[in-house]
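Step one of this worksheet: look at the structure below.
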Amino acid sequence: MKSLLIIVIFILVAGSVIYGQRMGGLRGGRGRGRLNWNSGRIPTNIQHRSPSAVTYYDNKDGAKIVKSSHFEFDYMLGRKITFFCMAIGIPRPEITWFKDGAELYQHRFFQVHEWTIGNDTVKSKMEIDPTTQKDAGYYECQADNQYAIDRRGFRTDYVMINY
């Protein structure tokens, strides 16, 4: 009986910790879903994949990004930013570019160049030339086909050179 009471108390305490973490932390949370890695608590937002999710994300023909630019890039104002992604999959994936979560469309200083290789590979290069302060942010390339979606992210910021 005593061990059952201890188990029930543990479940209640663990549930309140999980709920507190999902609401931005128990004390002084900075944002929804953020975890404080220095608090000593084990993160609980690890999700286990269902069998249907495993067949989707781990599909042998699914889109996979196999080469991409470095994660972090600093640029000088007025110069060019270039990001690169290469993806494979059957059918050949399509690559879409995003900045701060919004899809990028053509404009005067933004260009995308794509090359196909065989039936299963696509290369994509995104360029912004010339750059401004507004071009700093978080960029992503997304490769997708009917079987899977894969993303890679790149953070960029401008550098000012003082003479």
Side-chain angles (χ1 to χ4, degrees), residues 18-26 28-39 43-50 52-162:
I18 291 169
Y19 180 76
Q21 285 179 347
R22 290 182 192 258
M23 297 307 290
L26 294 176
R30 289 180 26 197
R32 219 183 140 103
R34 291 187 184 244
L35 297 175
N36 182 355
W37 292 99
N38 297 326
S39 68
T44 57
N45 63 344
I46 298 171
Q47 297 179 6
H48 299 284
R49 292 183 175 173
S50 68
S52 60
V54 169
T55 59
Y56 178 77
Y57 288 106
D58 297 334
N59 188 302
K60 68 179 178 61
D61 295 329
K64 289 180 185 60
I65 296 173
V66 292
K67 289 185 182 176
S68 61
S69 297
H70 294 287
F71 174 73
E72 200 162 336
F73 179 75
D74 290 337
Y75 65 92
M76 291 175 45
L77 295 175
R79 299 284 175 96
K80 185 190 297 188
I81 295 175
T82 302
F83 291 118
F84 171 80
C85 271
M86 182 172 147
I88 61 170
I90 300 174
R92 182 186 311 117
E94 293 182 9
I95 293 182
T96 309
W97 291 92
F98 296 86
K99 179 182 184 268
D100 298 327
E103 184 175 346
L104 287 171
Y105 294 99
Q106 293 284 335
H107 66 74
R108 213 167 85 187
F109 305 120
F110 168 77
Q111 292 184 342
V112 173
H113 305 279
E114 284 194 352
W115 302 268
T116 58
I117 302 169
N119 294 327
D120 64 347
T121 306
V122 61
K123 291 182 179 181
S124 182
K125 179 173 72 169
M126 186 272 296
E127 297 178 330
I128 300 173
D129 187 22
T131 56
T132 65
Q133 292 176 347
K134 290 182 180 181
D135 294 319
Y138 184 72
Y139 291 84
E140 290 178 293
C141 69
Q142 173 183 293
D144 66 285
N145 66 7
Q146 67 190 42
Y147 297 112
I149 296 173
D150 195 8
R151 284 186 169 211
R152 291 294 182 278
F154 319 98
R155 181 155 312 280
T156 186
D157 201 358
Y158 63 92
V159 178
M160 295 181 67
I161 306 271
N162 294 328

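Please read all numbers here as calculations on a predicted model, not as lab measurements.
Judged purely by atom type and a 3.5 angstrom limit, Asn145 uses its side chain to pair as donor or acceptor with the backbone of Asp61. Although no hydrogens or angles enter the test, the distance criterion places no donor-acceptor pair under 3.5 Å between the side chain of Tyr147 and the main chain of Gly89. With hydrogens and angles ignored, the 3.5 Å screen pairs a side-chain donor or acceptor of Ser69 with a backbone N or O of Phe84. Formation of a donor-acceptor pair under 3.5 Å by the Thr156 side chain with backbone atoms of Gly137 is not found in this model.
Looking at Arg152 and Asp150, a side-chain N of the basic residue comes within less than 4.0 Å of a carboxylate O on the acidic one, giving a salt bridge. Salt-bridge formation is detected for the pair Lys80/Glu127: a Lys NZ or Arg NE/NH1/NH2 atom is positioned less than 4.0 Å from an Asp or Glu carboxylate oxygen.
Under the ring pair (Phe, Tyr, Trp, His ring centres under 6.0 Å) test applied with Phe154, the options Phe83, Tyr139, Phe98 reduce to a single match, Phe83.
Atoms CG and CD, on Leu104 and Glu140 in that order, are 10.5 Å from each other to the nearest 0.5 Å. Note: Met126 CE to Ile81 CD1 = 7.0 Å, rounded to the nearest 0.5 Å. For the atom pair CD (Glu114) and NZ (Lys125), the distance works out to 12.5 Å, reported to the nearest 0.5 Å.
In this structure the side chain of Phe73 never reaches within 4.5 angstrom of the side chain of Thr82, judged on heavy atoms. In this structure, the side chains of Phe109 and Asp129 stay at 4.5 Å or more apart for every pair of heavy atoms.
Other residues, nucleotides and ligands contribute more than 12 heavy atoms inside 6.0 Å of the CG atom of Asp100.
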- Query: After noting the C-alpha distance and the side-chain angles of Arg155 and Glu72, does the key distance pass the salt bridge (charged side-chain N to carboxylate O under 4.0 Å, His left out) rule?
  - Reply: CA-CA 5 Å; Arg155 181 155 312 280; Glu72 200 162 336; over 6 Å; no
